[in-house]
Amino acid sequence: MNRGALRELYGDLPGARADLDVAVRLRPAATVARHTRARVRAGLGDLEGALADLDAALRARPDVVDILVSRGALRFQLGDVPGARDDAE
């Protein structure tokens, strides 16, 4: 997971995606890995995949506000204004 986050930081989004795919495959409930992979997927243009990761992370940890904020922003970007509003409330 850490290597994936570092690759994201240095702009290697495809490499980050590959590392984070492994991290999520090994620990499907790893919310930090899913949240990071959601950012990477969004950066690569896979907005629906990013949303799926954020949904999964929130199912595992509905109390993590950062993930909820990220999902709200992504929903807004996808044109789901009611969903974004729900996440903001």
Side-chain angles (χ1 to χ4, degrees):
M1 203 310 279
N2 289 334
R3 188 172 73 179
L6 283 173
R7 285 184 167 183
E8 177 197 16
L9 180 66
Y10 288 107
D12 178 10
L13 297 184
R17 169 71 192 269
D19 287 344
L20 292 161
D21 284 348
V22 171
V24 169
R25 188 169 41 254
L26 293 174
R27 292 189 54 217
T31 57
V32 173
R34 283 198 179 270
H35 191 195
T36 305
R37 188 172 74 169
R39 283 195 313 267
V40 169
R41 288 174 107 169
L44 290 169
D46 180 11
L47 301 182
E48 293 296 334
L51 183 60
D53 273 337
L54 294 172
D55 286 342
L58 282 168
R59 278 192 300 278
R61 293 285 312 272
D63 58 321
V64 180
V65 175
D66 289 346
I67 299 170
L68 193 60
V69 169
S70 293
R71 188 177 71 176
L74 184 59
R75 283 176 156 180
F76 185 80
Q77 188 176 358
L78 287 166
D80 179 8
V81 176
R85 187 177 304 116
D86 288 344
D87 285 347
E89 293 178 348

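All values below come from the heavy atoms of this structure, side chains included, with hydrogens, waters and symmetry mates left out.
- Neither Val22 nor Leu44 shares a network with the other; the hydrophobic side chains, linked directly or stepwise wherever heavy atoms of I, L, V, M, F, W or Y lie under 4.5 Å apart, form separate groups for each.
- Across Thr31, Val64, Leu68, Asp87, a single residue satisfies side-chain contact (heavy atoms from CB on, under 4.5 Å) together with Leu58, and that is Leu68.
- In this view, Asp21 and Arg17, Arg37 satisfy the salt bridge (Lys or Arg N to Asp or Glu O under 4.0 Å) rule, not counting sequence neighbours.
- The OG1 atom of Thr36 lies 11.0 Å from the CG atom of Leu9; values are rounded to the nearest 0.5 Å.
- Between Glu48 and Leu51 there is a side-chain heavy-atom pair separated by less than 4.5 Å.
- Taking all atoms of both residues into account, the shortest heavy-atom contact from Gly4 to Leu20 is CA-CG, 4.1 Å.
- The CG atom of Asp12 sits 5.0 Å away from the CZ atom of Arg7 when rounded to the nearest 0.5 Å.
- Screening residues 26-35 for salt bridge (Lys or Arg N to Asp or Glu O under 4.0 Å), with sequence neighbours left out, gives Arg34-Asp53.
- Residues meeting the side chain to side chain contact (heavy atoms under 4.5 Å, CB included) test with Ser70, sequence neighbours left out: His35, Leu54.
- Heavy-atom minimum distance, Ala60 versus Ala29: CB-O, 4.1 Å.
- Nearest heavy atom pair, residue Gly72 against residue Ala84, reads O-CB, 3.3 Å.
- Distance CG/Leu47 to CZ/Arg75: 14.0 Å, rounded to 0.5 Å.
- Taking both residues in full, the closest heavy atoms of Ala38 and Ala50 are given as O-CB, 3.2 Å, listed atom of the first, atom of the second, then distance.
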